Each structure stands twice: as structure tokens, then as C-alpha cells.
Amino acid sequence: MKISEIYGKRVESTAGKKGYVIAVKANGKRLECLICADEDENEFTVDINNVVKFGEAIIFNDRESAIKSALPLRLGRASFDECGKYLGNLEEYLFEGNTLLKAKIGKKNYPAEGLVCGDAVIVKKLKRLKSNVLKGGKIIIKSGTYLTDEVLDNAKLHGEYVQTTMKSI
């Protein structure tokens, strides 16, 4: 691909951010980033490592927005269930790769999907699937999976929302 083809090209993030390329930065022989502007001429940077696809438009993972919206994981916060019962202090997070799996509060582990963190930690009660959700003989959602918003959206996408919610009862 030629650099001249990149200037002015539309860019779209997987999160919905849109704009166009106004500059390309390199470091030695390596492209480092694209300098882009949105429709209001506000500049933003796209790391070349976050580009998913060069085509009609340049599609990229919007890491900058993800980083800005990320919240600090602070240990020691008081933790409560949805009814206000004190559970203990948040002692530890367990993660694999870049995915949070569990949080240790007091002597118990809770799924990371059910935590709402702020000045205190609220532990939402999450239901688990008691059996696999099937469609056409294929497993869409495995048993034991927590019913999070993401899982329910996936069930809606496959047309199995009712089956999914029923198998959590």
C-alpha cells in the first residue's frame, strides 16, 4: 500500500469512533501511528498495532478510548451485596491474560462480571446456567456460565434468549 493512499482515508473504530487520516508517523523503517481528525477537527491518534483492516476504510481497535474509560482497580475497598450486607474488604483480583476472572472479598471468591466498583464495591448476584443452551444441536452457551449482559446479548443474537433465561432458574 502507498502512503499517499492513506491520507484522507476514512477511519472507523470498533467502538464507533469515526474520522479521517491527516498524517502518518514513522520511526525509522516502521510506521508507528496515524494522526486522525473527527468531523469537528479534534485530533486523535491510532496506533498502527491497533489497525484491524485496511480497506475502503481503516478499521481499528479504539484502545485510546478504552484506556481513558478504564477505572483503577483499588484493593481494600469495603464490599457489599445488593441488599447492603457487608461482605468484607476487596483483597485481590485474579486474572488470566488481560481478563479479570474473580475477586477475593473476605474469604470468598466472586466473579468479576458481578462487581460494580466505586468508593465501595457492590457484588451483584449473578445466576448461572444449569445446562447448555443448544441451537441446531450446537452448544451456544455452556452450562455454568454466568448470565451477564454480554451472555444475554449473545443469546438474543442467536434467538435463544428465553431458553437461556429458563435454564438459569
Side-chain angles (χ1 to χ4, degrees), residues 11-19 32-40 42-53 57-135 139-169:
V11 293
E12 297 176 15
S13 78
T14 53
K17 190 175 195 176
K18 294 182 180 184
E32 291 295 336
C33 65
L34 306 174
I35 307 300
C36 305
D38 63 13
E39 62 186 26
D40 296 326
N42 297 317
E43 290 186 11
F44 60 95
T45 304
V46 175
D47 187 330
I48 204 73
N49 294 327
N50 294 334
V51 172
V52 176
K53 178 181 152 192
I58 298 171
I59 309 297
F60 68 97
N61 284 325
D62 192 1
R63 298 292 305 140
E64 185 179 347
S65 293
I67 289 169
K68 284 181 181 176
S69 66
L71 300 172
L73 297 177
R74 295 206 170 101
L75 302 177
R77 300 278 179 172
S79 303
F80 304 89
D81 68 7
E82 291 176 308
C83 296
K85 179 183 172 192
Y86 177 72
L87 301 173
N89 288 334
L90 177 62
E91 294 180 18
E92 190 61 81
Y93 281 102
L94 303 170
F95 67 96
E96 187 174 300
N98 65 346
T99 304
L100 290 173
L101 302 174
K102 300 177 190 175
K104 184 177 180 188
I105 298 172
K107 295 181 181 181
K108 285 184 146 186
N109 287 324
Y110 296 92
E113 296 94 346
L115 301 180
V116 179
C117 299
D119 290 338
V121 177
I122 306 299
V123 179
K124 297 190 296 184
K125 185 174 182 179
L126 294 177
K127 294 180 182 180
R128 281 187 183 209
L129 286 175
K130 294 184 171 56
S131 60
N132 293 332
V133 176
L134 304 170
K135 182 168 186 175
I139 297 173
I140 303 172
I141 307 168
K142 293 183 179 183
S143 66
T145 303
Y146 287 104
L147 281 187
T148 61
D149 292 336
E150 245 177 37
V151 171
L152 290 173
D153 288 344
N154 185 30
K156 283 180 193 174
L157 183 68
H158 286 92
E160 297 299 335
Y161 181 81
V162 173
Q163 180 187 173
T164 303
T165 54
M166 293 301 289
K167 289 190 174 186
S168 69
I169 297 174

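Values below: every heavy atom of this structure, side chains too, minus hydrogens, waters and symmetry copies. The structure presented is a predicted model; accordingly, all values stated were derived computationally and were not measured.
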Looking at every non-hydrogen atom in both residues, tell me the closest pair between [X] and [Y] and how far apart they are.
{"X": "Lys167", "Y": "Ser131", "value": "CD-OG, 3.2 Å"}
{"X": "Lys127", "Y": "Ser168", "value": "CD-OG, 3.8 Å"}
{"X": "Val133", "Y": "Leu129", "value": "CG2-CD1, 3.8 Å"}
{"X": "Lys102", "Y": "Asn109", "value": "CD-CB, 4.1 Å"}
{"X": "Glu160", "Y": "Ile140", "value": "CG-CD1, 3.8 Å"}
{"X": "Ala57", "Y": "Glu12", "value": "CB-OE2, 4.2 Å"}

With a 4.5 Å cut-off on side-chain heavy atoms, are [Y] and [X] touching?
{"X": "Leu73", "Y": "Leu100", "answer": "yes"}
{"X": "Asn89", "Y": "Ile105", "answer": "no"}
{"X": "Phe60", "Y": "Leu34", "answer": "no"}
{"X": "Asp47", "Y": "Asn61", "answer": "no"}
{"X": "Asp62", "Y": "Phe44", "answer": "no"}
{"X": "Glu32", "Y": "Ile48", "answer": "no"}
{"X": "Lys124", "Y": "Glu82", "answer": "yes"}
{"X": "Leu134", "Y": "Ile139", "answer": "yes"}

message = Between Glu43 and Ile35, does the side-chain contact (heavy atoms from CB on, under 4.5 Å) criterion hold? Intermediate values first, please.
response = CA-CA 7 Å; Glu43 290 186 11; Ile35 307 300; 3.8 Å; yes
request  = List for me each residue that meets ring pair (Phe, Tyr, Trp, His ring centres under 6.0 Å) alongside Phe80, sequence neighbours excluded, and say none if there are none.
outcome  =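 So Phe80 forms a ring pair (Phe, Tyr, Trp, His ring centres under 6.0 Å) with Tyr86.
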Give a yes or no on whether [X] atom [atom1] has more than 12 heavy-atom contacts from other residues, nucleotides or ligands under 6.0 Å away.
{"X": "Lys17", "atom1": "NZ", "result": "yes"}
{"X": "Tyr93", "atom1": "OH", "result": "yes"}
{"X": "Asn98", "atom1": "CG", "result": "no"}
{"X": "Asn42", "atom1": "CG", "result": "yes"}
{"X": "Lys18", "atom1": "NZ", "result": "no"}

What's the spacing between [X] [atom1] and [Y] [atom2] if we round to 0.5 Å?
{"X": "Ile141", "Y": "Thr164", "atom1": "CD1", "atom2": "OG1", "value": "4.0 Å"}
{"X": "Arg77", "Y": "Ile122", "atom1": "CZ", "atom2": "CD1", "value": "12.0 Å"}
{"X": "Tyr110", "Y": "Asp81", "atom1": "OH", "atom2": "CG", "value": "8.0 Å"}
{"X": "Ser13", "Y": "Asn50", "atom1": "OG", "atom2": "CG", "value": "10.5 Å"}

key: Inter- and intrachain pairs under ring pair (Phe, Tyr, Trp, His ring centres under 6.0 Å), touching residues 145-169, at least two apart   =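 Listed by first then second residue: nothing to list.
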key: Working for side-chain contact (heavy atoms from CB on, under 4.5 Å), residues Glu91 and Leu75   = CA-CA 6 Å; Glu91 294 180 18; Leu75 302 177; over 6 Å; no
message = Donor-acceptor check, side chain of Lys142 to backbone of Asn132, threshold 3.5 angstrom: yes or no?
response =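 Pair absent, no side-chain N/O of Lys142 close to backbone of Asn132.
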